[in-house]
Amino acid sequence: MVSPVPTYDLYGESRAKRPDFWLHCETIASRSSTHHWEISLHRHESFQQFLYIRNGSGDAILSGTTVALTPPCVVAVPPGVSHGFRFSRDIDGLVITLVAERLRLTAGLAKRPGDWLSSPRVIQIPAGDDVAYLDQTFSRLFAEFEAQRVGRNDLIEAHLMAAILILGRGVQPDAAGGARDPKLARVEALKDLIGRHFREQLPAESYAKLLNVSPTHLNRVAREVTGMSIHDLIMARVIDEARRALVFTTASVQAVADGLGFADAAYFSRSFRKCTGQTPRQYREAERERLAQVEAG
C-alpha cells in the first residue's frame, strides 16, 4: 500500500500551526540542514513556492519525477503538487513561500491550466543579463523580508513580480526547434491586454480588434490554450482583483464594484457569486475569518 503524501503548511509544520504571513523567505540551507539536507515528499494546499538555486547541486522531486538542479535555476511549485528535495551541503539559495491567492500572477492557477505557473518545473537561467538581475532581485527580496522596514510588503511584492515575469519570458514550449508557439503567444498578448484594460469592461470584440484578429479566431485560440473563452478570461481577471480588494482593503462592496467598472453593486455581486459561489460579503467574511485563524495559529 502506497503511503499518502502528507499536506503541510511549510516544510512539516502541522496544519494546526499555521504561520502568520502572506510570504516567507529563508535560505535553503537554514531549513534543509536540520533535515540532513533532504526534504521528504509533501504538498501545500494554499502555498506557491519558488526556490532560487545560486550554487550547489541537488535534485527536485516534482509529482513523482526527479529533476537535477543545476544552478543558476529556479524551482516553481504550485499549490497541491507533491514535491521533495535533496541538496548538497554547499547549497546556496533561497526558498520563497507565499499565499498563492495573495499575488495576482499566482492566484487562481487551478482555473488557468495553460499558465506556465500551473505546472511544477525547474527553470534554468541562461547566461546573460538576467542572471545578475535575478540574483540581485532575489537578494533584495530577502533583505527586505529580513529588515522589517517601512514599505516592506510593497517592495517584496514588486521584486517577486519582476522575478516571476522575467522567468516566465524564458518558459517557452519547445515547438519547431524551440520556436515560440504562436497560439500561446497570442493568448499571452491577450492576457497582457486584459491586465491593462479589465477595469474598462471592454467586450471581447475590442480585444480582438486590438490584436488585429477576428473575435471568432481569438476565442477559438483562447479555448484551445486555456480552456476558457475571452469573456471567461476577462471575468477571471476581474474576479481575481475583486477577491484581493475584498480581503486586503477596507473598500466597500460598492467601491470595489465601481473600481472594477461595474454599473452597480448588484450586478457585481451576481457576477462574483456566479464565479465563486459566494456573495462579496460572504467571501470577505469567510476569508478574513480564515486569515484570522492563520494569525491566531
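Nothing here was measured: the structure is a model prediction, and the numbers come from that model. The basis for the numbers below is simple: all heavy atoms, side chains too, and nothing from hydrogens, waters or symmetry mates.
No donor-acceptor contact under 3.5 angstrom links the side chains of R284 and T279, judged on distance only. Defined by atom type and a distance below 3.5 Å, a donor-acceptor pair is missing between the side-chain atoms of E38 and H35. Remark: the D115 side chain and the S118 side chain contain no N/O donor-acceptor pair separated by less than 3.5 Å.
Here the shortest heavy-atom pairing between V122 and A68 reads CG1-O, 4.5 Å. Closest non-hydrogen pair, R149 versus A143, comes out as NH2-O, 4.4 Å. Shown here for S82 and L41, the closest heavy-atom pair between the two residues is C-CD2, 4.4 Å. In this structure, D240 and A107 approach most closely via the heavy-atom pair OD2-O, 3.9 Å. Considering all non-hydrogen atoms of both residues, E157 and L103 come closest at CG-CD1, 3.6 Å. What you find for V131 and A127 is that their closest heavy atoms are CG2-CA, 4.0 Å.
Contacts of R104 classified as side chain to side chain contact (heavy atoms under 4.5 Å, CB included), with partners at least two apart in sequence or in another chain: M161, R237, R244. For the side chain to side chain donor-acceptor pair (under 3.5 Å) test, no residue two or more places apart in sequence or in another chain qualifies with T65. With sequence neighbours left out, T70 forms a side chain to side chain contact (heavy atoms under 4.5 Å, CB included) with Q124. For the salt bridge (charged side-chain N to carboxylate O under 4.0 Å, His left out) test, residues two or more places apart in sequence or in another chain that qualify with E287 are R290. By the salt bridge (charged side-chain N to carboxylate O under 4.0 Å, His left out) test, E224 is found to be paired with K183, residues two or more places apart in sequence or in another chain being considered.
Remark: aromatic rings of F145 and H24 are close, center separation under 6.0 Å.
By the neighbour-count criterion of 12 heavy atoms within 6.0 Å, atom CZ of R281 is sparsely surrounded, having that number or fewer from other residues, nucleotides or ligands. Environment of CG in N212: sparse, with no more than 12 heavy atoms of neighbouring residues, nucleotides or ligands closer than 6.0 Å. Heavy-atom neighbours of R152 CZ from other residues, nucleotides or ligands within 6.0 Å: above the threshold of 12.
Taking the six-membered ring where the residue is Trp, H44 and H42 present perpendicular rings, their angle passing 60° and hence far from 30°.
With hydrophobic clusters built from ILVMFWY side chains whose heavy atoms lie under 4.5 angstrom apart, L155 does not share a cluster with V99.
A side-chain contact (heavy atoms from CB on, under 4.5 Å) with F50 is found for exactly one of I164, L141, V95, namely I164.
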Taking distance alone, no hydrogens or angles, what donor-acceptor pairs closer than 3.5 Å link side-chain atoms of residues 252-268 to residues at least two apart or in another chain?
{"residue": "S252", "atom": "OG", "partner": "A255", "partner atom": "N", "Å": "3.0"}
{"residue": "Q254", "atom": "NE2", "partner": "D258", "partner atom": "OD1", "Å": "2.9"}
{"residue": "D264", "atom": "OD1", "partner": "A266", "partner atom": "N", "Å": "3.0"}
{"residue": "D264", "atom": "OD1", "partner": "Y267", "partner atom": "N", "Å": "2.7"}

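For the pair D135 (side chain) and A132 (backbone), a donor-acceptor distance under 3.5 Å is absent. Proximity of a side-chain donor or acceptor of S30 to a complementary backbone N or O of E26 within less than 3.5 Å is not detected.
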